[in-house]
Amino acid sequence: MKRVKVVVVGAGVVGLSTAVCVAETLPHCSVTVIAEKFSPDTTGDGAAGILLPREFPDIPLERQRRWFKESFDHLLAIADSPQASDAGVYLSSGYHIFKEIPCDKKPFWSEFVFGFRYMTDREMKRFPNHKFGQAFTTLKCECLSYLPWLEKRLRAVGGQIIREKVTDLHKLALNYDAIMNCSGLGSRFLVNDEEVYPVRGQMLKVSAPWLKNFIRDGDGNTYIYPGIRYVSIGGTRQANDWRLEVDEEDSEGILERCCRLEPSLRAAQVMGEWVGLRPSRANPRVERQYLHVQGRQVPLVHNHGHGSCGVTLSWGTALDALELLRQSLFEKPPQARL
């Protein structure tokens with residue numbers, strides 16, 4: 001069978017997961033990743049990387065469950081392997097607390113994490129401003145380790161990596177048989193997807209090695225995530241805010257809110273600050289279309305718009321994107337409209 005040249009645009013956690021999925025599953029495909037930025041300069045590199053999904057309004061719940069389960073199972077297998085340390089993947093336990101009792105006290109993902117339960121009255125006394133809590137063990141995936149590990153995994157099966165800014169998919173289609181668009185926020189410009197928008201996130205890295213359990217406020221604006229190198233505390237969710245500079249007022253607010261949840265943080269040393277733009281969308285876009293180029297129909301598979309769920313859903317949506325590509329390679333493409 002003739003080698004099929006597949007290009008993946010984007011080298012964040014979604015792009016590299018997609019590239020590895022294709023390269024490892026379809027040996028007749030040669031896979032190239034092209035991106036302007038690679039680790040440690042992607043949005044994912046600063047993300048806390050805790051696996052905790054949210055519900056998207058227009059995607060069937062069964063599909064969302066599958067995305068999360070497949071991602072969780074894939075990363076759990078890594079966490080249970082000798083590769084765990086190199087990949088930066090491990091189990092993390094903690095508390096998800098709410099100021100008001102949520103409508104859905106037992107969310108769809110609760111059956112996939114470990115030990116999900118409601119917090120006891122005694123546990124809730126630690127958080128007097130909150131009325132309800134969930135305790136569970138999930139996974140944490142630190143992209144500073146995980147992305148270089150995925151790159152290595154891709155190269156091991158013959159994948160190529162090119163650092164270059166892609167500005168025109170039609171030009172790219174001249175040299176490839178299929179395109180996987182995992183360009184995140186770049187999709188706003190690359191494929192004119194105006195539904196993609198930035199949600200600015202700012203966080204602090206602090207040294208607090210005594211903290212072992214995560215704490216997350218249900219509103220998503222305040223969180224404490226202990227990691228291997230430092231504790232990530234945050235955060236902000238500022239929609240349509242493109243600023244990449246650190247905002248000192250935001251940093252002060254983050255410190256104050258997190259110290260209210262965990263007073264011992266007042267003794268922690270701030271090691272650094274980080275700002276990233278989450279590539280958000282009302283619903284992630286995992287679908288296929290075709291580009292018409294010089295009489296050819298080139299499959300274009302989109303996999304972007306995960307927002308704060310990039311790590312959480314990365315392997316599940318990559319498997320969906322892989323299936324869309326596989327169908328494209330074995331189906332007759334639709335006739336181009338004249």
Given Trp315, Phe112, Trp67, Phe114, the one that forms ring pair (Phe, Tyr, Trp, His ring centres under 6.0 Å) with Phe72 =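 Passing option: Phe114.
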
Practice prompt. Could you check Asp320 against Thr317 for side chain to side chain donor-acceptor pair (under 3.5 Å), going step by step and ending with a plain yes or no?
Written response: CA-CA 5 Å; Asp320 262 19; Thr317 60; over 6 Å; no

Legend entry - Polar side chain donor-acceptor pair, Ser187 to His302, under 3.5 angstrom: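 No donor-acceptor contact under 3.5 Å links the two side chains.
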
Should the pair [X]-[Y] be classified as a salt bridge under the 4.0 Å nitrogen-to-oxygen rule?
X: Asp217; Y: Lys99; answer: yes
X: Glu142; Y: Arg229; answer: yes
X: Asp250; Y: Arg200; answer: yes
X: Arg66; Y: Glu62; answer: no
X: Arg281; Y: Glu194; answer: no
X: Lys106; Y: Glu111; answer: no

Side-chain heavy atoms of [X] within contact of [Y], under 4.5 Å:
X: Val246; Y: Gln202; result: yes
X: Arg243; Y: Val275; result: no
X: Leu322; Y: Thr18; result: no

Check: Phe136 ring centroid to Phe214 ring centroid under 6.0 Å:
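Yes, the ring of Phe136 comes within the 6.0 Å limit of the ring of Phe214, centre to centre.
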
> For the rings on Phe98 and His96, is their centre-to-centre separation under 6.0 Å?
Replying inline: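 Yes - the distance between ring centres of Phe98 and His96 falls below the 6.0 Å cut-off.
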
